[in-house]
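Each remark here refers to the structure printed beneath this line.
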Amino acid sequence: MSEVRVRFAPSPTGPLHIGGVRTALYNYLFAKNKGGKMILRIEDTDQTRFVPGAEEYLIDALKWCGIELDESVVDGGEYGPYKQSERKAMYLPYAEQLVKDGFAYYAFDTSEELTAMRERMKAAGVPSPQYNSVTRTTMQNSLALSEDEVQKRLDAGDPYAIRIKMPRNEEVRLNDIIRGWVLVNTNNMDDKVIFKSDGMPTYHLANVVDDYTMKISHVIRGEEWLPSAPLHVLLYKYLGWENAMPEFAHLPLILKPDGNGKLSKRDGDRLGFPVFPTQWTNPETKETSSGYREGGYIKEAFINMLSFLGWNPGTTQEIFSMQELIEAFSLDRVGKAGAKFDFDKTRWFNQQYLRAKSGEVLAQDLQVILKENGVEADDKFVATVCEQLKERATFVKDMWEEGKYYFSAPTSYDEKTIRKKWKEDTPKYVLELKDRLAGLSDFSSENIEIEFKKYLEENELGMGKLLPAFRVSLTGLGMGPSLFDIASLLGKEETINRMEIALEKIN
RNA sequence: GGCCCGUUCGUCUAACGGUUAGGACAUGCGGUUUUCAUCCGUAAAAUAGGGGUUCGAUUCCCCUACGGGCUACCA
């Protein structure tokens, strides 16, 4: 088998949403699994939809995801250029070739004439009018007009589009890797424009020409392309490239978690989770949409979650590194049905990855948040904080929100805990405990625990009698990690100090 | 409306003719824990419906229903 070459081919019309990221990911996993190449091609044939910054966004987002490109607009490659607008000159000759061979024709219809035709057809009871073998005879094109008239218009520089001449009643079949044989009759297909009057090809032509000239072996794309895949097959055939036609794999779509329809760009912030890999600010409206990166997600968790939306390894293993995904990935195990996005599962993945990281590594991220909040802290201290908190956090930011007491003494004390656990005799016990702790030379967690328990025993007290009061004194809260660990990390001086403040403030 | 694709617990999915239909997330209930979280255990939870084919259908075929996609000189 020849070299595997796949491409991810987005349009720079806005930010890439997670469905697009998943398509890119599956392309990448497939290519790397086969030892092949991953190519990024920018499909910017529609100049009217160009959005500034979208291309840069896309490249940056892919990079954050760890999807590496072998050939792209960034690093080039031997099949460039990798942007369709820069390949503009390549397409017209192929379109003209098709006209010459009788597979396509010139169409001079204006958009007004096209709408008029549709209106007419609708009035006559055709629900979705098409430019096809029957309607084309009534339109302004090189099939209906005389040869002289066509030449005259061409010479006069009249704008024209080139349409494919869809044959009557032919079966087009294609063998999709995921869906098997798909059969479509050409009677249900229309004379799609393949070359626009603005001098650019449409997606269909550009796609086929580029995939052929870039020696793409597998086209892995979203299911929304399945209806036009037969057209592409026909194009390969008419261009004489049937033997070099890539294999197709149409991926199921990612659906909204609630209600119906495919996940759209607007769903994210509506439902409280990001739909974009990284944050995006609309250059026109300045409206910002949240991203996973900025939301504090671990990219490996994000990728792992995405990989499981429509694919599974067939085992019970769920945590996969990118390398493991590459090794395990196969298109055979991609499902056929659309998958509803599950935000809870996404959080769960992040939690798993968070806990697998060391305190030192997490500390680097937590330090960023601490600095933003004006907190200066020693790396080693922060690493221990992370070690103590990571089991109960989903995001790094949780550790800041739930562990502020590590960095400054509490300014308020949880009311409910006070009400339930701070009784009349509590101050006396806290005071005595404070003195006992002050006498310790070894302020390790173990030693504090021993001393604490000794005190309880001597006074015939239970854990529940004094520990909550001790905790609220140090942290202001009724819950958290092992208090002995916290006290030890805070150190003797700070612990004693906080107990004194609490005794003063709580009564 | 037409064309195409799809349909297993609430969700993601496993089982590629023979299983008590398995796992994970979420949920309920226990246990562990000073507490919360974790962790452990446990429960409830599905083959859309109807016909075939077969000794036997989640699995193959047909119909219906439902869902999705497409139906632009957008990709």
Side-chain angles (χ1 to χ4, degrees), chain A residues 9-13 43-46 48-49 84 107 109-111 114-115 118 125-131 159-163 176 178-180 182-185 187-190 192-204 206-207 221-230 250 252-253 255 257 260-262 305 308-318 332-333 335-349 351 355 389-394 398 402 414 417 421 452 456 462-472 475 477-484:
Chain A
S11 295
T13 55
E43 309 226 326
D44 58 346
T45 52
D46 186 0
T48 64
R49 292 212 305 159
Q84 288 179 333
D109 315 279
T110 62
S111 59
L114 288 169
T115 27
R118 293 198 181 97
V126 181
S128 51
Q130 291 189 322
Y131 202 117
Y160 65 87
I162 297 176
R163 287 179 180 270
D176 187 274
I178 294 171
R179 283 150 219 287
V182 177
L183 281 171
V184 184
N185 189 290
N187 289 351
N188 295 314
M189 296 163 67
D190 62 347
K192 277 268 177 312
V193 169
I194 56 175
F195 196 87
K196 298 183 278 187
S197 56
D198 67 357
M200 286 295 258
T202 59
Y203 171 87
H204 308 292
N207 199 254
R221 73 222 310 186
E223 195 186 0
E224 70 267 28
W225 292 109
L226 195 52
S228 51
H250 289 92
L253 267 16
L255 276 14
N260 310 320
K262 71 170 172 176
M305 174 278 290
F308 268 68
L309 233 42
W311 170 87
N312 76 84
T315 65
T316 55
Q317 184 183 347
E318 292 197 272
D332 304 339
R333 297 206 65 90
K336 294 178 170 70
K340 283 190 176 172
F341 181 76
D342 184 354
F343 188 53
D344 282 326
K345 193 82 185 226
T346 306
R347 292 172 55 86
W348 177 80
F349 271 112
Q351 193 182 41
R355 327 193 155 143
L389 286 174
K390 70 177 185 179
E391 289 283 307
R392 60 192 63 237
T394 301
D398 296 342
E402 284 162 30
D414 181 64
T417 310
K421 299 294 181 180
F452 183 84
L456 289 184
M463 275 281 213
K465 178 73 184 166
L466 187 50
L467 204 72
F470 186 20
R471 176 181 295 281
V472 84
T475 69
L477 302 175
M479 55 184 195
S482 159
L483 193 60
F484 306 117

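All values below come from the heavy atoms of this structure, side chains included, with hydrogens, waters and symmetry mates left out. In what follows, every chain begins at residue 1, and chains take the letters A, B, ... in the order their sequences are listed. Predicted model, so just to flag it, every value in this text is computed and none were measured.
- If you take atom C1' in rA44(B) and the same atom in rU27(B), they sit 9 Å apart, rounded to whole Å.
- Taking the P atoms as reference points, rU7(B) lies 9 Å from rA48(B), given to the whole Å.
- The nucleotide whose nearest atom lies closest to any side-chain atom of Val193(A) is, among rU71(B), rC4(B), rC73(B), rC73(B).
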Detail all sub-3.5 Å separations between protein N/O atoms and N/O atoms belonging to nucleotides 10-12 of chain B.
unit_1  : atom_1 : unit_2    : atom_2 : d
rC12(B) : OP1    : Lys340(A) : N      : 2.8
rC12(B) : O2'    : Phe308(A) : O      : 3.1

Asp342(A) vs Lys340(A), test: salt bridge (Lys or Arg N to Asp or Glu O under 4.0 Å). Steps then yes/no. CA-CA 6 Å; Asp342(A) 184 354; Lys340(A) 283 190 176 172; over 6 Å; no
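- The C1' atoms of rC62(B) and rC25(B) are separated by 37 Å, rounded to the nearest whole Å.
- When each of rU13(B), rU34(B), rG6(B) is scored by its nearest atom to the side-chain atoms of Pro468(A), the top-ranked nucleotide is rU34(B).
- Nucleotides rC61(B) and rA43(B) have their C1' atoms positioned 39 Å apart, rounded to a whole Å.
- In this structure, CD of Gln317(A) is placed 15 Å from C1' of rA14(B), rounded to the nearest angstrom.
- Met479(A) has its CE atom 17 Å from the P atom of rU34(B), to the nearest Å.
- Residue Arg179(A) contributes atom CZ, which lies 13 Å from atom P of rC70(B) at whole-angstrom precision.
- Nucleotide rU35(B) holds its P atom 9 Å from the NZ atom of Lys421(A), rounded to whole Å.
- Contact of the His250(A) side chain with the Arg221(A) side chain is registered, since non-hydrogen atoms from C-beta on lie closer than 4.5 Å.
- If you take atom C1' in rU20(B) and the same atom in rC12(B), they sit 24 Å apart, rounded to whole Å.
- Put simply, Asn188(A) has no side-chain N or O that comes within less than 4.0 Å of OP1 or OP2 on rG2(B).
- Each of rG68(B), rC25(B), rC73(B) was ranked by its minimum atom distance to the side chain of Asp344(A); first place goes to rC25(B).
- In this structure, rC70(B) and rG2(B) make a Watson-Crick or G-U wobble pair, each of the two defining distances being under 3.5 angstrom.
- Within the structure, a side-chain polar atom (N or O) of Arg333(A) is placed less than 4.0 Å from OP1 or OP2 of rA15(B).
- Using a 30° and 60° split on the angle between ring planes, Phe484(A) and Phe470(A) fall in the tilted class, from 30° to 60°.
- Lys196(A) places a side-chain heavy atom less than 4.5 Å from the side chain of Asp46(A).
- Rounded to the nearest Å, the gap between the C1' atom of rU33(B) and that of rU38(B) is 10 Å.
- Between Lys336(A) and rG67(B) there is no side-chain polar atom (N or O) within less than 4.0 angstrom of OP1 or OP2.
- A donor-acceptor distance shorter than 3.5 angstrom exists from the side chain of Arg471(A) to the backbone of Pro481(A), with no hydrogens or angles considered.
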Kindly indicate, with the supporting measurements, whether the criterion side-chain contact (heavy atoms from CB on, under 4.5 Å) is fulfilled by Met305(A) and Phe341(A). CA-CA 10 Å; Met305(A) 174 278 290; Phe341(A) 181 76; 3.8 Å; yes
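- What separates CG of Asp398(A) from P of rU38(B) is a distance of 12 Å, to the nearest Å.
- The side chain of Arg49(A) approaches rA75(B) more closely than any other nucleotide in the set rU13(B), rA75(B), rG6(B).
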Take Lys345(A) and Glu318(A) through the test salt bridge (Lys or Arg N to Asp or Glu O under 4.0 Å) and record every step on the way to the result. CA-CA 11 Å; Lys345(A) 193 82 185 226; Glu318(A) 292 197 272; 3.0 Å; yes
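- Between Arg355(A) and rC39(B) there is a side-chain N or O to OP1 or OP2 distance below 4.0 Å.
- Base pairing of rA57(B): no nucleotide in any strand meets the Watson-Crick or G-U wobble criterion (both distances under 3.5 Å).
- Comparing rU34(B), rC3(B), rA75(B) by their closest approach to the side chain of Thr45(A) singles out rA75(B).
- Straight-line distance from the CD atom of Gln84(A) to the P atom of rC74(B): 13 Å, rounded to whole Å.
- Mapping Val184(A) and Pro10(A) onto RNA chain B by nearest heavy atom places Val184(A) closer to the 5' end of the strand.
- Residue-to-nucleotide proximity on RNA chain B shows that, of Met463(A) and Thr202(A), the 5′-proximal contact is made by Met463(A).
- Annotation for Arg179(A): atom CZ counts as buried by contact number, over 12 foreign heavy atoms lying within 6.0 Å.
- Taking atom CZ on Phe349(A) and atom P on rC25(B), their separation rounds to 10 Å, with Å as the unit.
- Taking only side-chain atoms of Ala161(A), from C-beta outward, the nucleotide of rC4(B), rU7(B), rC73(B) with the closest atom is rC73(B).
- Rounded to an integer number of Å, the gap from Tyr203(A) OH to rU71(B) P is 12 Å.
- Side-chain proximity of Trp348(A) to the nucleotides rC25(B), rA75(B), rG6(B) is greatest for rC25(B).
- Taking a pair to require two hydrogen-bonding distances under 3.5 Å in either a Watson-Crick or a G-U wobble arrangement, rC25(B) pairs with rG10(B).
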